[in-house]
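Contents: one structure, followed by commentary.
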There are 2 protein chains.
Amino acid sequence: MESFYEQCKANNLKITPQRVAVFKALTSSLSHPSADQIHRELKKEFPNISLDTVNRTLLTFAKADMIDVVEGHGDPRRFDPNQEAHHHFYCISCRGIFDFHDSAVDNISVSPELEKRFTITGKRLCLSGYCDNCRSSQ
Amino acid sequence: MESFYEQCKANNLKITPQRVAVFKALTSSLSHPSADQIHRELKKEFPNISLDTVNRTLLTFAKADMIDVVEGHGDPRRFDPNQEAHHHFYCISCRGIFDFHDSAVDNISVSPELEKRFTITGKRLCLSGYCDNCRSSQ
DNA sequence: TTGACAAATAGGATTGAATCCTATTTAATC
DNA sequence: GATTAAATAGGATTCAATCCTATTTGTCAA
Ligand SMILES: [Mn+2]
Ligand SMILES: [Mn+2]
Ligand SMILES: [Zn+2]
Ligand SMILES: [Zn+2]
């Protein structure tokens, strides 16, 4: 938590009770929660913290590289007609999803321990960054 | 497209002009479109096709394993306090996201050709399936 | 070919998450 | 303690998804 204060300072972020609470709630969670989940959790302690603040705060932390926004599985859904095994590159600028094939990646085998822990039905390498168009227009 | 009719038959799906159009629009697209994008596209040909139909049709195809719903990057966002390099298992039943570490996966190197094509800033293996809880309760 | 019926559609209503807006409050600095 | 820019609360708005139901339509068997 000291590092939280340092990181805030380094990014010129004021330290508010709400920010402290959001950060604590997220770091003490193992479930990759949504803003809404954190908001519900914090309402117990701060009955009138607003969802907008939670959302904004999380995005602020993400922009400061203090936390991550992970590849989602929510809406809006994206659909894929390509039924072959393949992988995806996601452009964080234009939001395009580009297919690629890579046999080295296809042959990745995860540890047997992991295979026991989960029933794995899908396996895909997800790259992200900037597509050719978007990096040249910057 | 013959296989489209076969697949519909095999899954007891009636062949409607809307379904044909949605399937064609998706398979002729390279951009992993959203339901809304397909809807806008189809409105040119079918001015009063409804968004609900497009959405429902795509989900129907996905359930019949004729197309895929890909890992999204939309809402609701999920946040991650874990800043170490790590990977994710996503449970398609309870929607939980579970971290795992795997050095073999960390050391994956994608082809130089791909590195040229994109500016890659993120690399993560995304597994999906059923977590321990969800597979035992089935 | 027609008729019956279950399935599918259109389009309006509802939901839920994210974002926007703006008056008010507050953390940081001196 | 006063100043000031930044942050917050909470209501309004937007947008995608989903629900609802009256109407239409594809399928299949007579
Ligand atoms: Mn794809
Ligand atoms: Mn994680
Ligand atoms: Zn791009
Ligand atoms: Zn689960």
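Scope of the values below: all heavy atoms of this structure, side chains included, with no hydrogens, waters or symmetry mates. Labels below follow one simple rule: chain letters A, B, ... track the order of the sequence lines, proteins then strands, and each chain is numbered from 1.
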- State whether A:R77 places a side-chain N or O below 4.0 Å from either non-bridging phosphate oxygen (OP1 or OP2) of D:dT18. yes
- Task: Verify side chain to side chain donor-acceptor pair (under 3.5 Å) between B:T53 and B:S50, making sure each step is shown before the conclusion.
- Result: CA-CA 5 Å; B:T53 294; B:S50 82; 3.0 Å; yes
- With the side chain counted from C-beta on, respond yes when A:K9 and A:E6 share a heavy-atom pair under 4.5 Å apart, and no when they do not. no
- Item | Pairs where residues 10-29 of chain A contributes a residue and the test ring-ring contact (aromatic ring centres under 6.0 Å, His included) is met, not counting sequence neighbours | A:F4-A:F23, A:F23-A:F61
- Message: Angle between the end axes of the helix from C:dT1-D:dA30 to C:dC30-D:dG1, five pairs per end, to the nearest 10 degrees?
- Response: 40°
- For B:H39, what residues pass the side chain to side chain donor-acceptor pair (under 3.5 Å) criterion, not counting sequence neighbours? none
- Please state how far atom CD1 in B:I49 lies from atom C1' in C:dA8, giving the value in whole angstrom units. 12 Å
- Query: Rounded to the nearest Å, what distance is computed from the CG atom of residue B:L58 to the C1' atom of nucleotide D:dA16?
  - Reply: 13 Å
- Query: Are side-chain heavy atoms of B:V70 and A:I97 found at a separation under 4.5 Å?
  - Reply: yes
- Item | Nearest-Å distance for atom pair NE2/C1', residues B:H39 and D:dA17 | 13 Å
Tabulate atom names and distances for all N/O pairs under 3.5 angstrom spanning the protein and nucleotides 20-25 of chain D.
residue	atom	partner	partner atom	Å
D:dC20	N4	B:D52	OD2	3.2

- Message: Can you identify which nucleotide, out of C:dT19, D:dA17, C:dT9, has its nearest atom closest to the A:L59 side chain?
- Response: C:dT19
Return a table of donor-acceptor pairs under 3.5 angstrom between the side chains of residues 108-122 of chain A and protein atoms on other chains or two or more places apart.
residue	atom	partner	partner atom	Å
A:S111	OG	A:L114	N	3.2
A:T119	OG1	B:R135	NH1	3.0
A:T121	OG1	B:S128	O	3.3

- Query: Is B:L51 touching bases, backbone alone, or none of the nucleic acid, heavy atoms closer than 4.0 Å?
  - Reply: nothing
- Please list, chain by chain and in numerical order, all residues satisfying side-chain contact (heavy atoms from CB on, under 4.5 Å) with A:E41, sequence neighbours excluded. A:K44
- Using a cut-off of less than 4.0 Å, is there contact between a side-chain N or O of B:N12 and OP1 or OP2 of C:dA7? no
- Item | Donor-acceptor pair between B:H32 and A:D99 side chains, under 3.5 angstrom | yes
- Using atom NZ of B:K9 as one end and atom C1' of D:dG26 as the other, report the distance to the nearest whole Å. 12 Å
- B:Q18 side chain near C:dA10 phosphate (N/O to OP1/OP2, under 4.0 Å): yes
- Note, A:C131 side chain near A:S93 side chain (heavy atom, < 4.5 Å): no
- Query: How long is the line joining CZ of A:F23 and P of D:dA7, in whole Å?
  - Reply: 17 Å
- N or O in side chain of A:T53 less than 4.0 angstrom from D:dA9 OP1/OP2: yes
- Query: Nearest-Å distance, CZ (B:R40) to C1' (D:dC15)?
  - Reply: 11 Å
- Whole-Å distance separating the CG atom of A:L42 from the P atom of D:dT8: 12 Å
- Could you state the atom-to-atom distance from CZ of A:R19 to C1' of C:dA27 in whole Å? 10 Å
- Verify the contact: side-chain N or O of B:N55 to OP1 or OP2 of D:dA16, cut-off strictly under 4.0 Å; return yes or no. no
- Considering only heavy side-chain atoms of B:D36, the closest of D:dT8, D:dA16, D:dT27 is D:dA16
- Message: Please tell me whether B:H86 and B:D80 have a donor and an acceptor in their side chains that are separated by less than 3.5 angstrom.
- Response: yes
